[in-house]
**Student:** 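Please read through the structure below; I'll follow up with questions.
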Amino acid sequence: MKKVNLLTLLFMLLSFACKKNDDANAFLKPKPQDTEKKDLLQISFAKILAAAVYENKELRAFIKEEALTMFDNDYDILYHDVKNKYIGDGTFAEILAKYAGSPARLDSIVNELPLLTIFIPTLPSNFSPNSWNAETEIPKVAVRLHSNYETPYYDKAGREFKISKELIPGFPLLVVKENERVRISAGQITPRALQSTSNEVMKYEFIDEVFDGSKNKLRGTSSHLKSTAIIIGEYFGKSSLVKARALTGDASSTVPSVLSTPDATAITAFKNNYDWQRDYIYYGLTPTIPKGKLKQNYSEYLSYFHFPYETAAEAFSKISDQSPDPAYNPIITTSQYNSGSYWTDGYFEFQVDVLINGINGAGQTLTKYFTARADQLFYLEYEPYTPIYYRIKKVGALLFNPNLELIPWDLQSYGMAWKFRISEKDPSEERTYSQESTSTFATNFEVDVSGGEKVKVGMKFGLSSTTTHKSTFTQRYMLNSDDLGEAILTFDQPIIVMQQGTDNFPVYHLRAITSGWYAIAVEPRRVY
């Protein structure tokens, strides 16, 4: 019986390969003229802002105060949201217009940039939104470009200086960029609408509620994110984080795993050696309890996310670099790590697409987001390069817990396999494309005559055969986002693969799935 199941599973995994339409590849390249125009407009705005913050300490204080509200859960200021706010006797826009030469010139710039954003970075020199002394520290203004590997910045006179990709500034800076967390809406009042906007023409909404700072305040430490950080691989210096050297559980194991404190029901399934641990969690099935209905009070969670230790520097470079073309992105230049100007972008935004086959043939794409700072994903050790610049000396991988709820796994409706596709999201044009996939479904379900409810009969596939269904998915992608690949999770895969420690202080390892670029652990938890 086990051989039959393994063969069925192998067929199912192979058949999950996708058939994309012919136009999909056409969506992978941005339009150079669009990004170049935006870059030039952002540079013009940066020069105006640099002159204004040099002379106006009230303006500096205003920028700091607005950034600290974290309206989008990053230290961003959406220009069109605050331009009509007063700073003394004039609005933000009126102050900038004086340095632009005229209100008309300022409008000609900002009206072409609906997502224009001012960001305060956190730098190794201890400059940060919280530590910035706006009374005495006068920042230069940098621009996060769409089409270059050097980051330009400007002083009060509009003079341009450039920071190469392997260097990080050690002096106060503001960053002009596009916002990745909001978009222009059609003006309807939705749960994601940005209600505080002071702009009478353009209306905004958050791309996802996780970015709405009024509902989800994400502050600067992992504990506030309900996340756990564990160093993967080499234990660096005097870090207070937990040491976890093994990516594979033990030297003889071929199943990748991560440390965890899983749900108590999963622990019970593991300790009883149930082959399909999710059978017990979702349906209560055991060798002596052959029938059970779906428990809706459990849901899958993306519990852990990490980049492999061996390729941490390469992964850091990939998601940090703003250019869409990785061919120009050397991972290490002159024996130094490429920081990719990550410091200009604050928290990374990750889009998680879960492709779930429906038994009715309708493919469901569940899209979720999570955010993380660079220092929550990587151990970064800096060293001074010049009196005003730093560079990265060492990069290590950290284990991050997004604590991201997905949905309950209804085996009858959602099939045996879920495909995860994760990308680091960058601002660019949104496109869609369709793809097809085939998945295996269990058929050992019946209506219980005593309660009239549908129940699963027998563990695994029971005594029934399986069926396959083809589904069509439509997915949305941002052109410049960094695609980190796909990983497949199946219902029968174990949740817990190993226990270490003692009975009083057990340490459990969750099974992880990998795309090559990342590894994730997905586990069911009781939600009520």
**Student:** Is K419 salt-bridged to D353, cutoff N-O under 4.0 Å?
**Tutor:**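 Salt bridge: no.
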**Student:** Side chains of V210 and D212: closer than 4.5 Å at any heavy-atom pair?
**Tutor:**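 No, their side chains stay 4.5 Å or more apart.
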**Student:** Ignoring hydrogens and angles, state whether a donor on the side chain of S303 or E523 is under 3.5 Å from an acceptor on the partner side chain.
**Tutor:**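 Their side chains do contain a donor-acceptor pair, which is all the 3.5 Å distance test asks for.
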**Student:** Looking at F119, is K177 sitting on its ring face, NZ or CZ under 6.0 Å from the six-membered ring centre and within 45 degrees of the normal?
**Tutor:**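 Yes, K177 lies over the aromatic ring of F119.
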**Student:** Any side-chain heavy-atom pair from T490 and W418 closer than 4.5 angstrom?
**Tutor:**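 Counting from C-beta outward, T490 and W418 never come under 4.5 Å.
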**Student:** Can a donor-acceptor pair be found, under 3.5 Å and without considering hydrogens, that links the side chain of R525 to the backbone of D263?
**Tutor:**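 Absent.
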**Student:** Does any N or O in the side chain of H80 come within less than 3.5 Å of the main-chain N or O of L113, such that one atom is a donor and the other an acceptor?
**Tutor:**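 Present.
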**Student:** I'd like to know if the side chain of D492 reaches the main chain of D275, judged simply by a donor and an acceptor atom lying under 3.5 Å from each other, with no hydrogens or angles considered.
**Tutor:**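 No; zero donor-acceptor contacts below 3.5 Å.
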**Student:** Sub-3.5 Å donor-acceptor pair from the side chain of Q277 to the main-chain atoms of F270, do we have one?
**Tutor:**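 Judged by distance alone, no pair lies under 3.5 Å.
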**Student:** In the structure I gave you, are the side-chain heavy atoms of T117 and V176 within less than 4.5 Å of one another anywhere?
**Tutor:**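 No, their side chains stay 4.5 Å or more apart.
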**Student:** Identify the residue among L115, D74, D72, D345 that makes a side-chain contact (heavy atoms from CB on, under 4.5 Å) with E180.
**Tutor:**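 One option only clears the test, and that one is D345.
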**Student:** Just to verify, what does E405 make a salt bridge (Lys or Arg N to Asp or Glu O under 4.0 Å) with, not counting sequence neighbours?
**Tutor:**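 Result, salt bridge (Lys or Arg N to Asp or Glu O under 4.0 Å) vs E405: none returned.
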**Student:** Could you tell me the separation between the CG atom of L489 and the CZ atom of F420, rounded to the nearest 0.5 Å?
**Tutor:**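 With rounding to 0.5 Å, CG (L489) is 5.5 Å from CZ (F420).
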**Student:** Would you say the side-chain atoms of Y518 pair up with the backbone N or O of G485, donor to acceptor, closer than 3.5 Å?
**Tutor:**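 Checking the backbone N and O of G485 against the side chain of Y518, a donor-acceptor pair under 3.5 Å is found.
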**Student:** When you check the gap from the basic side-chain N to the acidic O, do K165 and E150 get nearer than 4.0 Å?
**Tutor:**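 No.
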**Student:** Is any side-chain heavy atom of L411 closer than 4.5 Å to one of M416?
**Tutor:**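 Side chain of M416 against side chain of L411, heavy atoms only: contact under 4.5 Å found.
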**Student:** Go through it in stages, so that I can follow the logic: the residues are L302 and V352, the test is side chain to side chain contact (heavy atoms under 4.5 Å, CB included), and I'd like the CA-CA distance, side-chain angles, deciding distance and then a yes or no.
**Tutor:** CA-CA 10 Å; L302 200 167; V352 181; 4.1 Å; yes
**Student:** Before we go on, tell me: are the rings of F305 and F370 under 6.0 Å apart, centre to centre?
**Tutor:**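 They qualify: ring centres under 6.0 Å apart.
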**Student:** Between V522 and I520, does the side chain to side chain contact (heavy atoms under 4.5 Å, CB included) criterion hold? Intermediate values first, please.
**Tutor:** CA-CA 7 Å; V522 179; I520 57 174; 4.2 Å; yes
**Student:** Look up atom CD1 in I495 and atom CG in L510, then write down how far apart they are to the nearest 0.5 Å.
**Tutor:**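 CG of L510 is found 8.5 Å from CD1 of I495.
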**Student:** Would the distance check show the side chain of S423 and the main-chain N or O of K425 forming a donor-acceptor pair, the cut-off being under 3.5 Å?
**Tutor:**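 Here the side-chain-to-backbone pair does not exist.
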**Student:** Between R144 (side chain) and T151 (backbone), is there a donor-acceptor pair under 3.5 Å?
**Tutor:**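 Not at all, since once roles are kept as given, no pair shorter than 3.5 Å links the two residues.
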**Student:** For the backbone of F307 and the side chain of T311, can you confirm whether one donor and one acceptor N or O come within less than 3.5 Å of each other?
**Tutor:**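 No; judged by distance alone, with no hydrogens or angles, the pair does not exist.
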**Student:** To the nearest 0.5 Å, tell me how far I168 CD1 sits from T122 OG1.
**Tutor:**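 These two atoms lie 12.0 Å from each other.
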**Student:** Any side-chain heavy-atom pair from F491 and W276 closer than 4.5 angstrom?
**Tutor:**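 With C-beta onward as the side chain, the pair touches.
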**Student:** Identify the two heavy atoms, one from I77 and one from A67, that lie closest to each other, and give their separation to 0.1 Å.
**Tutor:**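 In this case the closest contact between I77 and A67 is CG1-N, 3.8 Å.
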**Student:** Measure the spacing between CD1 of I407 and CG of L366 and express it to the nearest 0.5 Å.
**Tutor:**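 Answer rounded to 0.5 Å: 5.5 Å.
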**Student:** Taking C-beta and beyond as the side chain, do I392 and Y382 meet within less than 4.5 Å on heavy atoms?
**Tutor:**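 Sidechains of Y382 and I392: in contact.
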**Student:** Please find out if less than 6.0 Å separates the ring center of F316 from that of F378.
**Tutor:**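 Close enough - the centres of the two rings lie under 6.0 Å apart.
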**Student:** Please find out if less than 6.0 Å separates the ring center of Y274 from that of Y280.
**Tutor:**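 Here the rings of Y280 and Y274 have centres that are less than 6.0 Å from each other.
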**Student:** Distance-only, no hydrogens or angles: does the R181 side chain make a donor-acceptor pair with backbone N or O of I207 under 3.5 Å?
**Tutor:**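 Checking the backbone N and O of I207 against the side chain of R181, no donor-acceptor pair under 3.5 Å is found.
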**Student:** Go through Q493 and I513 one step at a time and tell me if the side chain to side chain contact (heavy atoms under 4.5 Å, CB included) criterion holds.
**Tutor:** CA-CA 10 Å; Q493 290 175 359; I513 57 175; 3.7 Å; yes
**Student:** Go through Y204 and D81 one step at a time and tell me if the side chain to side chain contact (heavy atoms under 4.5 Å, CB included) criterion holds.
**Tutor:** CA-CA 9 Å; Y204 297 90; D81 185 44; 5.8 Å; no
**Student:** How about Y282 and W409: are their ring centres within less than 6.0 Å of each other?
**Tutor:**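 Here the rings of W409 and Y282 have centres that are no less than 6.0 Å from each other.
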**Student:** Working to the nearest 0.5 angstrom, can you tell me the gap between L123 CG and W343 CH2?
**Tutor:**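 Taking CG in L123 and CH2 in W343, the distance rounds to 7.0 Å.
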**Student:** Measure across F348 and E424 and return the closest heavy-atom pair with its distance rounded to 0.1 Å.
**Tutor:**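 Scanning both residues, the minimum pair turns out to be CD2-OE2, 3.7 Å.
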**Student:** Find out whether K203 and E205 are in side-chain contact, i.e. whether some heavy atom of one side chain is under 4.5 Å from a heavy atom of the other.
**Tutor:**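 K203 vs E205: side chains apart.
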**Student:** Okay, side chain of Q42, backbone of D39: is any donor-acceptor separation there less than 3.5 Å?
**Tutor:**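 Checking the backbone N and O of D39 against the side chain of Q42, no donor-acceptor pair under 3.5 Å is found.
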**Student:** Atom CG in L484, atom CD1 in I319: separation rounded to 0.5 Å?
**Tutor:**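 Going from the CG atom of L484 to the CD1 atom of I319 covers 7.0 Å.
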**Student:** Are any non-hydrogen side-chain atoms of F71 and D76 less than 4.5 angstrom apart?
**Tutor:**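 F71 reaches D76 side chain to side chain.
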